[in-house]
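Values below: all heavy atoms of this structure, side chains included; hydrogens, waters and symmetry mates excluded.
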Amino acid sequence: MITQHSTIGFIGLGAMGQRMARRLLNSGFRLIAYGHTSRKTAALVANGAISAPSLRQLAMKSEVVVSCLPNDEAVLSVYQGPEGVLACASHGSIVIEMSTVSPDTSRTLHRLGREQGIEVLDVAISGSTPAAEQGTLTLLGGGDASAFDACQPIFSVLAKQYFHLGPSGSGTAMKLVVNALLGVNMQAIAEAVAFGEKLGLNRKVLLETLAKTAVVSAAHQNKLLRAEHDDYSPQFPLKLMNKDFRLILDKAADLGAPMPVTAAAYQINAARTAVNGEEDFSSVISEMEHLARVRSNTGEAY
């Protein structure tokens, strides 16, 4: 039974991971942290976490292992092999894998986990760094329903809502669906903003008004208000949206699912990523302004 006194091993202390790990620690969970950045690990240790010198040590001492990593390759490298989590974790433990990866990767880990007596859940995250900070994420889960239910004490600390979508791979599949809309809608907004400026509308008034209309989702409203000040500091970096676009389009090609609008959005995202992949994915607004020749890449009017 997982309680708020259970031991959680946390792997991956990036922008999202470190915020989620801190919430779990502050909620009473015993946290063992493993990350490549010693500074981020040290910050958690200062608040009571334990630093694991290796994946083996983390896996052996944890009842639940949570990971939040940048891509499929990183996820597989952590879980596979004789020193990986699945080889070293105790029989009956649970893995909550939260990275945005291919559903095929999720299903592979689930199969390998079952062979070791370990339940692997794919629990993808919808929401950016402010939601991770506040514990208002949406979680999209796949895998064994009983294991998912057992993890609710963890999910309730991290998220305002969490859904079990079905068998292994369902959580990451739903995340690709969600991020297809996230990226395509951001591109549509960027085009509309540049079009409005080209029509002669005042940029500040345009952005503020558009943010208040019913056609702009809550996920994008704040992006418009930040764009007003050319604030593209990363909440969800372009390079990660770019990676997700590739996952979406690769899987769509495998399945024979045409996604022409998503493919077009990916092209602009990729062009902007080549300029600065560390910016927030909303900086496609700046890219479209540049292409429409209403503002330069540095934010200056032509």
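- In this structure, Gly169 and Asp122 approach most closely via the heavy-atom pair N-OD1, 2.9 Å.
- At distances below 3.5 Å, at least one donor-acceptor pair connects side-chain atoms of Asp72 with backbone N or O atoms of Ser102.
- Met60 CE: 12 or fewer foreign heavy atoms inside a 6.0 Å radius.
- Under a 3.5 Å cut-off, the side chain of Ser283 and the backbone N or O of Glu279 do not form any donor-acceptor pair.
- Side chains of Ser168 and Arg111: a donor-acceptor N/O pair is absent below 3.5 angstrom, by distance only.
- With hydrogens and angles ignored, the 3.5 Å screen pairs a side-chain donor or acceptor of Lys198 with a backbone N or O of Ala292.
- A distance of 10.0 Å separates CG in Leu31 from CG in Asn26, rounded to the nearest 0.5 Å.
- A salt bridge does not link Glu228 with Arg203: every distance from a Lys NZ or Arg NE/NH1/NH2 to an Asp or Glu carboxylate oxygen is 4.0 Å or more.
- Rounded to the nearest 0.5 angstrom, Arg226 CZ and Asp230 CG are separated by 11.5 Å.
- Between the side chain of Ser90 and the backbone N or O of Ser93, no donor-acceptor pair lies under 3.5 Å.
- A donor-acceptor pair under 3.5 Å is formed between the side chain of Glu97 and the backbone N or O of Ser99.
- Separating the CE atom in Met186 from the OG atom in Ser217 is a distance of 9.0 Å, to the nearest 0.5 Å.
- When the shell of 6.0 Å around NZ of Lys251 is examined, it contains more than 12 heavy atoms from other residues, nucleotides or ligands.
- The pair Lys223-Asp231 does not meet the salt-bridge criterion, since no charged nitrogen lies less than 4.0 angstrom from a carboxylate oxygen.
- Ring centroids of Tyr232 and Phe281 are separated by 6.0 Å or more, keeping the two rings apart.
- For the residue pair Thr172 and Ser106, a side-chain donor N or O sits within less than 3.5 Å of a side-chain acceptor on the partner.
- Atoms CG and CZ, from Leu238 and Phe245 in turn, are 10.0 Å apart once rounded to the nearest 0.5 Å.
- Remark: Leu24 CG to Ser6 OG distance equals 11.0 Å, nearest 0.5 Å.
- Closest of all the heavy-atom pairs between Ala265 and Gln187 is CB-CB, 3.8 Å.
- Taking all atoms of both residues into account, the shortest heavy-atom contact from Thr138 to Gln161 is OG1-NE2, 3.0 Å.
- Of all heavy-atom pairs between Met259 and Ala180, the closest is CE-CB, 4.1 Å.
- A side-chain donor-acceptor contact under 3.5 Å links His220 to the backbone of Leu182.
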Distance-only criterion, 3.5 Å: show the donor-acceptor pairs between side-chain atoms of residues 204-215 and protein atoms not counting sequence neighbours.
unit_1, atom_1, unit_2, atom_2, d
Lys204, NZ, Glu208, OE2, 2.8
Thr209, OG1, Val205, O, 2.8
Thr213, OG1, Leu210, O, 2.7

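- Checking side-chain atoms of Glu289 against main-chain N and O of Ala194 turns up no donor-acceptor pair under 3.5 Å.
- Taking Ile, Leu, Val, Met, Phe, Trp and Tyr as members and joining any whose side-chain heavy atoms lie under 4.5 Å apart, directly or through other members, the hydrophobic cluster of Val65 also contains Ile11, Ile32, Tyr34, Ile50, Leu55, Leu58, Leu69, Val75, Leu76, Val78, Tyr79, Val85, Leu86, Val95, Val101, Leu109, Leu112, Ile118, Val120.
- Formation of a donor-acceptor pair under 3.5 Å by the Lys175 side chain with backbone atoms of Ser170 is not found in this model.
- Closest heavy-atom contact between Ser128 and Met16: C-SD, 3.6 Å.
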Legend entry - Residues Thr129, Gln235; criterion side chain to side chain donor-acceptor pair (under 3.5 Å); working and verdict: CA-CA 5 Å; Thr129 50; Gln235 294 179 327; 5.0 Å; no
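- Taking the charged nitrogens against the carboxylate oxygens, Glu133 and Arg23 have no contact shorter than 4.0 Å, which rules out a salt bridge.
- Contact record, Asn242 with Ala270: ND2-CA, 3.3 Å, taken as the closest heavy-atom pair.
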